[in-house]
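Here the structure is a predicted model, which means the values were calculated and not measured.
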Amino acid sequence: MSASTRIRAVKGMHDVLPQAMARWKRVEALFRDLAERHGYAEIRTPLVEPTSLFVRSIGESTDIVGKEMYSFVDKGEDSLTLRPEGTASAVRAYIEHEIHAQEAVTKWYYIGPMFRRERPARGRYRQFWQAGIECFGDPGPYSDAEAIALLVEVLRAIGLSELEVVVNSIGSRSSKERYRQALVEFLKPHKEALSLESQRRLETNPLRILDSKDPKDQAICKNAPAILDFLSEQDRAHFESLCELLARLGIESRVDPHLVRGLDYYSRTLFEVRGKGGELGAQNALAGGGRYDELVEALGGPPTPAIGFAMGIERILLACENTQEGPSLDVWVATPDPSLLPCVLELLTLLRRDGIRADADLRGTSLRSQLRRAQKKGVPFVLLLGPEEEAKSTFRLKDMEGHSEEEIPQSALFFELKRRLPKRSPSAL
RNA sequence: GUGACCGUAGCUCAGCCGGUAGAGCAUCGGAUUGUGGCUCCGAGUGUCGCGGGUUCGAUCCCCGUCGGUCACCCCA
């Protein structure tokens, strides 16, 4: 088939091939394990939600809602959208199932794909995976610190070193509103000097001007009023104790008053983790999150404080050095005589039934080729079954690393194998 | 979405001033009729991303398009 007619993956979407899955599973398993150790339980929500859910939560004026959503009309009825992030769905589920009536504090985690129609680049895909947590019902600041601590624990366990943890507070709604007005007042006289994009944002989303990368904008913003000066007494106390808690937990962090995240629902605590290592390009935000104390109520639930974060799995994999993977098989079975393939297949079945990861080349190829395959797959042991062994009811057990082999009676097979194979447990990844 | 660069075998890439393609790695087979890592021998695949234009002739030049990458934007 010619390349032009061949069907390919959609732009910005990619396959994770089996050879990469070991690394993915390791990250997922570490996240799961640590989240559960912190009292979080997994939730799975649909990939498709009513469009209005995202418009009402993420915000009409945000880039995500304004230009990045995969939305479609379902058979002439409702407008549906492929989820661009996880929090909105979790909040919807929290409200829909009246979880607040069942427990005071709810801690959920999720892993799954998200969809945003952006221009693809390294570390930025149109379908990408996020692992995240949401904690409902605890106003903080201890739960803020706990969430950030979990995030840092996960990244550390994955093996990421050079991390930068950035925190900020944008206050609760009234503080945020007072600051927004002050910022607009300050920026208005400079309007002509701002970048075009920021001039537009002055109307739609002035806080976003703060983290503009345009040098002109940055120069102006340097003298802008700081949001931390506009926090209410309670907001400031909340943020200060969060900073103290982080220090106490040994989490190095930097306060960046210009950290403003692109979703409208945030209030008070905001944080982001950036990476430096590996093959990470310009997309160095590995994880981000914050508090969204007003969102549950805004979507029709009872007033419920909440905090959460999400981390991008592809970016984390880019950021960490390639780790060495262990073999994916324990034993390879080989035979010089294709007429013994029925015995080989039977042996495989027994081995597998006993929990041993075993495979063989069942095509009847040369012994040499069978051993080459075993070698290439990094299998530590080969069981050789030929006419001679068959006649004596033995196997040749070949140690591929030690270059040694010995003859063992068939009756001692499992004992000998178990003795040699390293202990494996599902979580020991 | 804007600007720029790139696109040759499964992978990494070479290919001069336009004359329709090569290397290394990988794969498979053999040297060793029942033994893997080294060595040696052999085998194969490309509509040179796709479409159009210029030309006697295009992998090479031009236009478009698709994909990737970088910066902006934004974010995980």
Residue matched to B:rU2 through Watson-Crick or wobble contacts both under 3.5 angstrom: B:rA71
Side-chain ion pair, A:Glu416 and A:Arg420, N-O less than 4.0 Å: yes
Spacing of the P atoms in B:rC62 and B:rG68 (rounded, Å): 24 Å
Touch class at under 4.0 angstrom, heavy-atom based, for A:Gln127 against every strand present: nothing
Strand partner of B:rU47, provided both Watson-Crick or wobble distances fall under 3.5 Å: none
Earlier contact from the 5' end, RNA chain B, for A:Ala9 and A:Ala287: A:Ala9
Pair A:Arg126 + A:Glu118, salt bridge at N-O below 4.0 Å: no
Residue whose nearest RNA chain B nucleotide is more 5′ - A:Tyr266 or A:Leu367: A:Leu367
Nearest-nucleotide pick for A:Met400, side chain only, options being B:rG36, B:rG34, B:rA76: B:rG36
Complementary nucleotide of B:rG10, counting Watson-Crick and G-U pairs under 3.5 Å: B:rC25
Heavy atoms from other residues, nucleotides or ligands near CZ of A:Arg254 exceed 12 (cutoff 6.0 Å): yes
Residues in contact with RNA chain B, drawn from residues 331-344 of chain A - heavy-atom cutoff 4.0 Å: A:Pro336
Interatomic distance where OH belongs to A:Tyr125 and P belongs to B:rC70 [whole Å]: 9 Å
Paired nucleotide for B:rG34 [Watson-Crick or G-U wobble; both distances under 3.5 Å]: none
Separation of atom CE in A:Met69 from atom C1' in B:rG1, rounded to whole Å: 17 Å
Pairwise P distance for B:rC61 and B:rU8, with rounding to whole Å: 15 Å
Aro-ring/base stack A:Phe128-B:rA76, d under 5.5 Å, angle under 30°: yes
A:Asn168 side chain to A:His258 side chain, donor-acceptor N/O pair below 3.5 angstrom: no
A:Arg119 (side chain) and B:rC72 (base): donor-acceptor pair under 3.5 Å: no
Side chain to side chain, A:Val65 and A:Thr62, heavy atoms closer than 4.5 Å: yes
Interatomic distance, A:Asp63 CG vs B:rC75 C1' [rounded to whole Å]: 9 Å
Letter per nucleotide, 5' to 3', of nucleotides 24-30 of chain B [B base touched, S only sugar-phosphate touched, - untouched; heavy atoms, 4.0 Å]: ---S-SB
Donor-acceptor pair under 3.5 Å, A:Glu405 side chain vs B:rU35 base: yes
A:Arg274/A:Glu272 ion pair, N-O < 4.0 Å: yes
Distance, P atom - from B:rU33 to B:rG29, rounded to whole angstrom: 15 Å
Sub-4.5 Å side-chain heavy-atom contact between A:Ile99 and A:Trp108: yes
Sugar-phosphate only, base, or nothing, as touched by A:Ala374 at under 4.0 Å among non-hydrogen atoms: nothing
Test salt bridge (Lys or Arg N to Asp or Glu O under 4.0 Å) applied to A:Lys107 and A:Glu146, A:Glu42, A:Glu134, the passing residue: A:Glu146
Pairwise P distance for B:rU47 and B:rC38, with rounding to whole Å: 31 Å
Euclidean distance, atom NZ of residue A:Lys67 to atom P of B:rC73 [Å, nearest integer]: 11 Å
Touch class at under 4.0 angstrom, heavy-atom based, for A:Arg126 against every strand present: nothing
Rounded distance (Å) that lies between atom P of B:rC11 and atom CD of A:Gln19: 11 Å
Rounded distance (Å) that lies between atom P of B:rA76 and atom CD of A:Glu134: 12 Å
Rounded distance in Å between the P positions of B:rU35 and B:rG30: 12 Å
Sidechain N-carboxylate O distance under 4.0 Å for A:Arg83, A:Glu85: no
Sugar-phosphate, base or nothing in reach of A:Gly86, heavy atoms under 4.0 Å: nothing
Sugar-phosphate only, base, or nothing, as touched by A:Glu68 at under 4.0 Å among non-hydrogen atoms: sugar-phosphate
Phosphate OP1/OP2 of B:rU35: any A:Lys398 side-chain N/O under 4.0 Å: no
Test salt bridge (Lys or Arg N to Asp or Glu O under 4.0 Å) applied to A:Arg396 and A:Glu406, A:Glu390, A:Glu407, the passing residue: A:Glu407
Separation between the C1' atoms of B:rG49 and B:rC66, rounded to whole Å: 8 Å
Nearest to side-chain heavy atoms of A:Gln130, which nucleotide of B:rA76, B:rG34, B:rC73: B:rA76
Pairing partner (Watson-Crick or G-U wobble, both distances under 3.5 angstrom) of B:rA58: none
Flag side-chain contact, heavy atom, 4.5 Å: A:Glu401 against A:Pro380: yes
Whole-Å gap separating P (B:rG68) and NZ (A:Lys11): 6 Å
Span that lies between the C1' atom of B:rC48 and that of B:rC75, in whole angstrom: 37 Å
Sugar-phosphate, base or nothing in reach of A:Ile313, heavy atoms under 4.0 Å: nothing
Test: A:Arg180 and A:Glu177 ion pair at under 4.0 Å: yes
Below 4.0 Å: OP1/OP2 of B:rG34 and any side-chain N or O of A:Arg396: no
NZ/NE/NH1/NH2 to OD/OE distance under 4.0 Å, A:Asp354 and A:Lys418: yes
Sugar-phosphate, base or nothing in reach of A:Gly123, heavy atoms under 4.0 Å: base
Rounded distance in Å between the C1' positions of B:rG46 and B:rA23: 15 Å
Under 3.5 Å donor-acceptor pair, A:Glu272 side-chain atoms to B:rA76 base atoms: no
